[in-house]
Amino acid sequence: MQRVTQRPEYLAVAATGRKWVTPAFILQAMPGDDISLAPRAGFTVSKKVGNAVVRNRARRRIKEAARMILPANGQRGWAYVFIGRQAATDYPFEKLGADMRWALAKLASGADLSPRGNSKPHRKS
RNA sequence: GCAGAUGGCCGGAUGGUCGCCGCCCGCGCAAGCGGGGGGAGGAAAGUCCGGGCUCCACGGAAACACGGUGCCGGUUAACGGCCGGCGGGGGCGACCCCAGGGAAAGUGCCACAGAAAGCAAACCGCCGAGGGCUUCGGCCCGGCAAGGAUGAAAGGGUGCGGUAAGAGCGCACCGCGCGCCUGGCAACAGGGGCGGCAUGGUAAACCCCACCGGGAGCAAGACCAAAUGGAUGAUUGUCCUUCAGUGGACAGGCGGGUUUUCGCGCCGUCAUCGUGGUAGGUCGCUUGAGCGCGGCUGGCAACAGCCCGCCUAGAGGAAUGGCCAUCCAGGCGGGGCAACCCGCCGGACAGAACCCGGCUUACAGGCCAUCUGCUUUU
RNA sequence: GCGGGCGUAGCUCAGGGGUAGAGCAUAACCUUGCCAAGGUUAGGGUCGUGAGUUCGAAUCUCAUCGCCCGCU
């Protein structure tokens with residue numbers, strides 16, 4: 001699985017505004033056209049979640065789920081960023097995977113772009 | 001048995017399955033495939049000290065400033081660490097705690113209260129022996145530092161003598177200071193002598209003294225080195241010239257809506273060289289003041305020396321994981337006199353980022369050794 | 001990796017060894033026909049936490065926790 005490692009890439013993914021929230025993580029996505037590329041993924045957990053052990057654990061569980069799910073369910077050419085939340089450390093693993101499939105499907109269908117009318121590219125400033 | 005003290009150790013185990021990161025071997029042009037083996041800690045943490053290593057600065061260095069340390073001796077590469085001792089404090093005790101140099105070098109501060117808070121004097125008070133006055137009550141000169149509600153602290157303390165009242169004024173003991181002797185490397189301890197008491201506290205207030213410290217940090221630093229940029233030379237034709245592409249002249253393409261002329265602007269190709277060191281890569285990077293509940297020797301010990309054995313993560317924003325089963329600890333509930341049985345919950349603190357020695361802080365639970373007090377039994 | 005700063009009332013901040021303060025906010029009363037403003041008063045504090053120095057600590061020292069900010 002190709003990883004996102006550079007900070008500018010993370011910023012680029014975040015700048016698209018495409019995201020889907022689940023209890024254990026927030027999934028951000030940046031669409032891409034190059035079909036030859038497998039979906040790439042980056043993982044990040046903020047310091048507010050806990051100390052290094054807790055953050056590592058959250059990141060590893062999400063990474064393991066992504067390893068099993070992303071190649072089949074992710075869009076080729078896209079770049080994804082998973083932001084770990086507090087619940088990721090003890091959230092049931094099957095539910096974590098189900099949430100991930102759900103979030104990937106929603107983002108692929110563009111569902112995040114038109115719910116409840118708040119999807120317009122936000123006004124600046 | 002109960003309650004403690006000190007030192008040390010461990011801090012889940014086994015297996016299945018799907019994965020991750022280095023290393024070695026084989027195959028392969030390569031991508032990769034197969035096999036083997038390794039993969040977090042006692043604190044990896046905080047970054048509070050000390051070093052190694054690297055670069056910078058500097059003639060060797062010293063001093064000032066600044067910062068740190070602060071009883072004595074030892075140990076160590078070094079330390080603010082550790083060990084042993086001394087002194088002080090706490091505890092019945094095992095044992096624990098102490099920034100523990102200097103206040104007769106100087107400066108500052110000591111609120112409130114109190115007569116007075118640092119100059120030992122004033123004030124209240126006490127005295128009536130001496131001198132003077134007297135209205136015979138006393139007053140003044142004078143003597144004294146015992147007492148004076150306070151305060152953290154009041155100019156040695158207690159007792160006896162002494163006196164007009166008193167006072168180290170005298171004596172005894174305690175304290176203090178200064179010599180001497182003995183023991184000890186020393187801190188210091190013990191003994192005896194002299195002094196008649198002078199020197200309040202505060203240095204985690206300024207300060208003084210002694211000792212230590214040049215600065216930065218592996219993103220240190222070293223090497224290789226694109227792209228772009230620089231220099232030199234060559235490179236196309238014609239003519240003149242020269243010993244010689246030696247020197248010189250002219251000529252090319254593109255750009256105006258088009259044409260001519262003149263002028264202007266822009267543009268070559270190739271090779272070599274060296275500077276700089278960017279992107280990127282390699283090294284530094286783990287064999288080291290290494291580890292061993294191995295042994296011997298010296299030492300009370302910290303530790304040192306010799307011998308034997310072992311190799312134990314080295315990555316790039318960074319791997320060491322996910323799921324499951326059984327067992328082992330642990331907790332709760334129920335049944336049972338008990339052994340035990342059943343069910344549920346459930347695994348401390350915490351993740352290497354150049355390396356090492358310490359300190360500090362966090363930590364479920366458990367194990368071992370030595371010691372102390374109390375109680376009981378023999 | 002290296003370094004700096006800040007934690008005091010509900011909020012924003014003073015106070016740097018000697019009784020914890022100001023403004024805003026809160027409550028009561030006065031004023032007004034009622035409200036606002038104004039006036040008078042009151043309540044409200046483990047001074048982040050734990051040790052130590054000192055007679056005495058918010059203040060000085062050490063440790064620790066949390067937050068913020070630089071440099072590379």
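In what follows, chains are A, B, ... by sequence order, proteins preceding strands, each numbered from 1.
With C1' as the reference atom, B/A13 and B/G347 are 13 Å apart, rounded to whole Å. The P atoms of B/G70 and C/C62 are separated by 12 Å, rounded to the nearest whole Å. Spacing of C1' atoms, B/G102 relative to B/C66, comes out at 22 Å, to the nearest Å. Nucleotides B/G177 and B/U199, compared at atom C1', are 9 Å apart to the nearest Å. If you take atom P in B/G314 and the same atom in B/C285, they sit 14 Å apart, rounded to whole Å. Rounded to the nearest Å, the gap between the C1' atom of B/U287 and that of B/C311 is 8 Å. With both ends at atom C1', the span from B/G19 to B/C324 equals 15 Å, rounded to whole Å. Rounded to the nearest Å, the gap between the P atom of B/U312 and that of B/G38 is 9 Å.
Counting heavy atoms from C-beta on, the side chains of A/T22 and A/L27 never come closer than 4.5 Å. When side chains are defined from C-beta on, A/R59 counts as touching A/N56, because their heavy atoms get closer than 4.5 Å.
Here the straight-line distance linking atom CZ of A/R18 with atom OH of A/Y80 works out to 9.0 Å at 0.5 Å rounding.
Remark: B/C285 base-pairs with no nucleotide; criterion is Watson-Crick or G-U wobble with both hydrogen-bond distances under 3.5 Å. Of the nucleotides present, B/G102 is the one that pairs with B/C207 by Watson-Crick or G-U wobble criteria, both distances under 3.5 Å. For B/A165, there is no paired nucleotide, since no Watson-Crick or G-U wobble pair has both relevant distances below 3.5 Å. Across the strands present, C/G18 finds its partner in C/C55; the criterion is a Watson-Crick or G-U wobble pair with both atom distances under 3.5 angstrom. When both distances must be under 3.5 Å, the Watson-Crick or G-U wobble mate of B/G265 is B/C254. Judged by Watson-Crick or G-U wobble contacts below 3.5 Å, the nucleotide B/C185 has no partner. Base pairing analysis places B/C82 opposite B/G74; the two distances defining the Watson-Crick or G-U wobble pair are each below 3.5 Å. Base pairing of B/C327 is made with B/G12, judged by Watson-Crick or G-U wobble geometry with both donor-acceptor distances under 3.5 Å.
In this structure, of B/C323, B/A350, B/U320, it is B/A350 that holds the atom nearest to the side chain of A/V53. You'll find that the side chain of A/R67 is closest to B/G321, out of B/G351, B/G322, B/G321.
Remark: C1' of B/G19 and CZ of A/R59 are 15 Å apart, rounded to the nearest angstrom. In this structure, A/L70 places its CG atom 16 Å from P of B/G19, rounding to the nearest Å.
Under the side-chain contact (heavy atoms from CB on, under 4.5 Å) test applied with A/W20, the options A/M100, A/K106, A/Q28 reduce to a single match, A/K106.
Of the side-chain N and O atoms in A/R57, none sit less than 4.0 angstrom from OP1 or OP2 of B/U320. When the side-chain nitrogen and oxygen atoms of A/N51 are compared with OP1 and OP2 of B/A350, one or more of them lie within a distance under 4.0 Å. For B/G351, neither phosphate oxygen OP1 nor OP2 lies less than 4.0 angstrom from any side-chain nitrogen or oxygen of A/R55.
Taking syn as a glycosidic angle within 90° of 0, B/G179 qualifies as syn. B/G22 takes the syn form, because its glycosidic angle lies no more than 90° either side of 0.
Ring orientation note: the planes of A/F82 and A/F43 are close to parallel, at an angle under 30° on the 30°/60° scale.
On a pure distance criterion of 3.5 Å, a polar donor-acceptor pair joins the side chain of A/E64 and the base of B/G321.
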Using salt bridge (charged side-chain N to carboxylate O under 4.0 Å, His left out), reason through A/R67 and A/E64 one step at a time and then give a plain yes or no. CA-CA 5 Å; A/R67 184 181 67 81; A/E64 180 66 16; 2.7 Å; yes

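Residue contacts shown for A/R60 include a base, since a base heavy atom lies under 4.0 Å away.
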